[in-house]
Amino acid sequence: MKKLVIIPAFNEEGNLEKTIQDILENAPEFDYVIVNDCSTDETLAMCRRHGFSYLNLPVNLGIGGAVQTGYRYAYFHGYDIAVQFDGDGQHDAGYLGQMVSILQDTESDMVIGSRFIEKEGFQSSLFRRMGIKYFSLLIGILTGKRITDPTSGMRAVNRKLLKKFTEEYPKDYPEPESLVTVLSEHYLVQEVPVIMRERKEGVSSISLRASVYYMIKVTFAVLIARMKK
């Protein structure tokens, strides 16, 4: 089985080195690729300096475009499984093997790492937890499937979903919208408990104002995605 970790990165110079070290030490059976989404800091220079495996986008595509670039790379390079993995240091590579095992053992199409099953580790801010709970309820109403952590950026997919995501993938805040699509099309999605860490360097791209915009925009996006199915 060929397995690839996809790391979308925008201005993550302070976190990437530790993220790659984590993968190399705790998930050495995985290949990885950093998708540099036109960073304005030293992310690209760091990738070159350390000899990291990376793709360099010529224009900023946003999180959805960066992740889809990774999916296309994985699919056309013959990978069987791809795992989205944040470059900000919040995810723990020690869970990657378990996620892939569950993906295979349960014949699932997607496995999501959820911080809210056992509720250990960093749980995000109160406002964001409220937003996540809102999307969990909305997705449950629309699809009949309860997902505790629908905004999680730690998710493994099989080759069937890889192919689908190379052809269509939401460009802006893609996790909840893509979930509604795959659940509506009866792909099998599982969650596993994981412990996430708090970001150590840099700042999140989603401010309080952006969070409000995010909730409104994604609400409309998931409703439209459901109506298409």
Side-chain angles (χ1 to χ4, degrees), residues 1-103 110-115 121-122 124 149 151-158 162 165 169 174-175 192 194-206:
M1 297 289 290
K2 290 183 64 177
K3 298 167 287 189
L4 180 71
V5 180
I6 299 166
I7 308 166
F10 177 73
N11 292 351
E12 294 292 359
E13 63 175 333
N15 299 303
L16 270 180
E17 187 173 356
K18 291 181 180 178
T19 298
I20 300 305
Q21 183 179 5
D22 183 24
I23 293 169
L24 294 177
E25 291 180 356
N26 296 304
E29 69 275 20
F30 288 77
D31 295 334
Y32 73 88
V33 65
I34 298 163
V35 184
N36 178 41
D37 192 21
C38 210
S39 295
T40 57
D41 66 355
E42 293 298 306
T43 294
L44 178 59
M46 172 180 289
C47 289
R48 290 171 171 165
R49 184 167 62 251
H50 291 283
F52 293 156
S53 173
Y54 72 92
L55 301 172
N56 188 45
L57 299 178
V59 295
N60 181 271
L61 296 181
I63 180 64
V67 172
Q68 188 182 36
T69 298
Y71 283 141
R72 291 179 64 85
Y73 177 91
Y75 183 76
F76 291 112
H77 283 79
Y79 284 92
D80 303 289
I81 292 171
V83 187
Q84 181 184 341
F85 194 86
D86 286 354
D88 59 10
Q90 294 192 67
H91 295 165
D92 184 343
Y95 291 104
L96 292 177
Q98 178 191 4
M99 291 176 67
V100 168
S101 293
I102 292 173
L103 187 77
M110 176 186 287
V111 171
I112 300 170
S114 171
R115 75 203 99 171
F122 180 60
S124 194
D149 202 351
T151 67
S152 173
M154 189 177 186
R155 45 177 61 188
V157 300
N158 62 11
L162 257 183
F165 287 160
Y169 196 72
E175 286 84 7
V192 297
V194 299
I195 295 175
M196 294 189 185
R197 316 179 184 105
E198 190 171 1
R199 171 190 281 271
K200 297 299 183 183
E201 302 284 344
V203 295
S204 170
S205 60
I206 305 179

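Both backbone and side-chain heavy atoms feed into the values below; hydrogens, waters and symmetry mates do not.
His91 has its side chain within reach of Met196: a pair of non-hydrogen atoms, C-beta onward, lies under 4.5 Å apart. Side-chain atoms of Phe30 and Leu4, non-hydrogen and from C-beta on, never get closer than 4.5 Å to each other. Within the 4.5 Å cutoff, the side chain of Ile112 has no heavy atoms near those of the Met154 side chain. Proximity of Val83 to Val157: side-chain heavy atoms (C-beta onward) are nowhere separated by under 4.5 Å. Under the 4.5 Å side-chain criterion, counting only non-hydrogen atoms from C-beta, Ile34 is in contact with Ile20.
Side-chain atoms of Gln21 and Glu25 form a donor-acceptor pair, as typed in the model, at a separation below 3.5 Å. Side-chain polar atoms of Asp31 and Ser53 form no donor-acceptor pair below 3.5 angstrom.
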Start with the C-alpha gap between Ile7 and Val33, add the side-chain angles, then the distance that decides, and say whether side chain to side chain contact (heavy atoms under 4.5 Å, CB included) holds.
CA-CA 6 Å; Ile7 308 166; Val33 65; over 6 Å; no

Decide yes or no on salt bridge (Lys or Arg N to Asp or Glu O under 4.0 Å) for Asp92 and Arg197, but give the supporting numbers first.
CA-CA 8 Å; Asp92 184 343; Arg197 316 179 184 105; 3.5 Å; yes

Can you check side chain to side chain contact (heavy atoms under 4.5 Å, CB included) on Gln90 and Glu198, steps first, answer last?
CA-CA 6 Å; Gln90 294 192 67; Glu198 190 171 1; 5.8 Å; no

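In terms of modelled atom types and a separation under 3.5 Å, the side chain of Tyr79 and the main chain of Met1 share no donor-acceptor contact. Asp86 places no side-chain N or O within donor-acceptor distance of the main-chain N or O of Asp88, the cut-off being under 3.5 Å. The closest donor-acceptor contact from the side chain of Asn15 to the backbone of Gly87 lies at 3.5 Å or more, if one exists at all. In this structure, the side chain of Ser101 engages the main chain of Gly97 through a donor-acceptor pair within 3.5 Å. Ser114 places no side-chain N or O within 3.5 Å of a backbone atom of Val192 that could act as its donor or acceptor partner. Between the side chain of Ser152 and the backbone N or O of Gly113 there is at least one donor-acceptor pair closer than 3.5 Å.
Summarising the geometry, atom CD belonging to Gln84 is positioned 6.0 Å from atom CZ belonging to Arg155; distances are rounded to the nearest 0.5 Å. In this structure, OH on Tyr32 lies 8.0 Å from CD1 on Ile23, to the nearest 0.5 angstrom. A distance of 12.5 Å separates CZ of Phe52 from CG of Leu44, quoted to the nearest 0.5 Å. Separating the CD atom in Glu13 from the OG1 atom in Thr40 is a distance of 9.0 Å, to the nearest 0.5 Å. If you take CD on Glu17 and NE2 on His50, they are separated by 4.0 Å, rounding to the nearest 0.5 Å. Taking CD from Gln98 and CG from Leu103, the interatomic distance works out to 12.0 Å, rounded to the nearest 0.5 Å.
Between Pro8 and Phe85, the shortest heavy-atom distance links the atoms CD-O, 3.6 Å. Between Arg115 and Thr151 the shortest heavy-atom distance is NH2-OG1, 3.9 Å. In this structure, Met99 and Val111 approach most closely via the heavy-atom pair CE-O, 3.4 Å. Looking at every heavy atom in both residues, Ala27 comes nearest to Leu96 through CB-CD1, 3.8 Å. Contact record, Ser39 with Phe10: OG-CA, 3.3 Å, taken as the closest heavy-atom pair. Leu16 and Ala9 make their closest contact through CD1-CB, 4.2 Å (heavy atoms, listed as atom of the first residue, atom of the second, distance).
Tyr73 pairs by the ring pair (Phe, Tyr, Trp, His ring centres under 6.0 Å) definition with His77, not counting sequence neighbours.
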Give every donor-acceptor pair under 3.5 Å between a side-chain atom in residues 60-68 and any protein atom, sequence neighbours left out.
residue	atom	partner	partner atom	Å
Asn60	OD1	Gly62	N	3.4
Asn60	ND2	Asp37	O	2.9
Asn60	ND2	Asp37	OD2	3.2
Gln68	OE1	Lys171	NZ	3.3
Gln68	NE2	Phe165	O	2.9
Gln68	NE2	Thr166	O	3.4

